[in-house]
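Chain letters run A, B, ... following the sequence lines, proteins first and then strands; every chain starts at 1.
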2 protein chains.
Amino acid sequence: LNRIKASGLKLRFCTNETQATREKFVKKLQGMGFDISVTEVTAPAPAACRILKERSLRPHLLVHNALVPEFAEIDKANPNCVVIGDAAENFTYANLNEAFRVLIGMEKPVLISLGRGRYYKETDGLKLDVGAYMKALEYACDVQAEVVGKPAKMFFESALAEMGVPPQQAIMIGDDIVNDVGGAQRCGMRALQVRTGKYRPCDENHPHVKPDAYVNNLAEAVDVILQQL
Amino acid sequence: LNRIKASGLKLRFCTNETQATREKFVKKLQGMGFDISVTEVTAPAPAACRILKERSLRPHLLVHNALVPEFAEIDKANPNCVVIGDAAENFTYANLNEAFRVLIGMEKPVLISLGRGRYYKETDGLKLDVGAYMKALEYACDVQAEVVGKPAKMFFESALAEMGVPPQQAIMIGDDIVNDVGGAQRCGMRALQVRTGKYRPCDENHPHVKPDAYVNNLAEAVDVILQQL
């Protein structure tokens, strides 16, 4: 990151993190030694807040406790939409039924999902991600969720707008073949897949998505980008 | 029911009940005064057991505690499939993650779902049904569940086979426009919708399913059927 910043290239961190506020997320990365600030982060919750304000939507939240502060300024009385994030332990039977009842009670149900991930890995094993619970509510209420976060085109466009860079001049680095690589490419950007984190060898045979290049890690991604300047 | 039985017509109870064994289900109906025995009931769990045995499948069960006895004779060691029913309070975050991990760990995931209902009503409000959780697992594992129960064609065919009656000579009486009426009709049966229970006036404008007739209640259904003998 320091090498990218020193090169004068613009940089933005695009995360689907919805288990913590940007503040907490940034602190964690700072603690690991990364030079990063909250203003450099594009994340689903603040993007959703913009949508809620624009459309006068009052959300019923089914999100992680740690994410609730991101919605502090949003009116949540008498909800006319449901916002679902990776609620983790908050994905209880009671909470899912409650979100469902709010949604099915609307004349025209509005479901906003902070991402559409299938699952992710934690130290104690694989966990279902928000996308799975989104599908459950979509099916039960016969609605289609509006997805905020990667791989939604609008999400990448926000990040580009925040940098003031057109997609052809931007490159995405990510470990997720669909959410990072596919999403960025559909938005007109190029994308590198790093062979770390979520990466699996079978990604290289993905039926729909092919990254512009593979790199073994973030440092190698920076090498490739700086070489081509 | 007594009038149908007295008429000599064959009768079978087709239920998607997966929150209790047939024994318990039948006892409840007997307590309400119905003349019904376990051998007259076609239900998803025993139908699933037949499939499990036929295909040497050993299930990981995500079902209601009360349904577990239906699987007493099934080998559940070292599971090679997941069976999901309306697990109700057993739909915890931990149990869903566990079922997911079993499924995603298989070379070719096999998911058997005891029904595909969206939701149902209980005295304390609407609840998400098994179909919603089935969709969550389908999405997370990129598989298609095999549905056992109404409206699956195979389920109605089992009931017909158990009676020894061809579909053209059978008539379904039900309150659910899709699961009862639609399912039976796709199997070649005629179907009456009763305007009780799950029935909603908007069912009469259903885009795909139209019952052969509407009746106000079960007694009227029996009138209609006996009149046409």
Query raised in the report: Top residue by heavy-atom pair count (under 4.5 Å) with chain B, among A:Asp129, A:Thr92, A:Leu96?
Result: A:Leu96

**Report entry** chain A contact via B:Asp124 - which portion, at a heavy-atom distance below 4.5 Å
**Finding:** backbone

Less than 4.5 Å to any heavy atom of chain B: does that hold for the side chain of [X], its backbone, both, or neither?
X        : result
A:Ala88  : both
A:Phe100 : side chain
A:Asn90  : neither

If you count every heavy atom of other residues, nucleotides or ligands that lies below 6.0 Å from [X] atom [atom1], does the total exceed 12?
X        : atom1 : result
A:Glu73  : CD    : no
A:Gln144 : CD    : no
A:Lys24  : NZ    : no
A:Lys27  : NZ    : no

Query - A:Arg101 versus B:Leu126, closest heavy-atom pair with distance - result: NE-O, 2.7 Å

Report task. Determine which residues belonging to residues 182-216 of chain B lie within contact range of chain A, meaning some heavy atom pair is under 4.5 Å apart, and list them by number or answer 'none'. Result -> none

Query - Neighbours of chain A found in residues 133-141 of chain B - heavy atoms under 4.5 Å - result: B:Tyr133, B:Lys135, B:Ala136, B:Leu137, B:Tyr139, B:Ala140

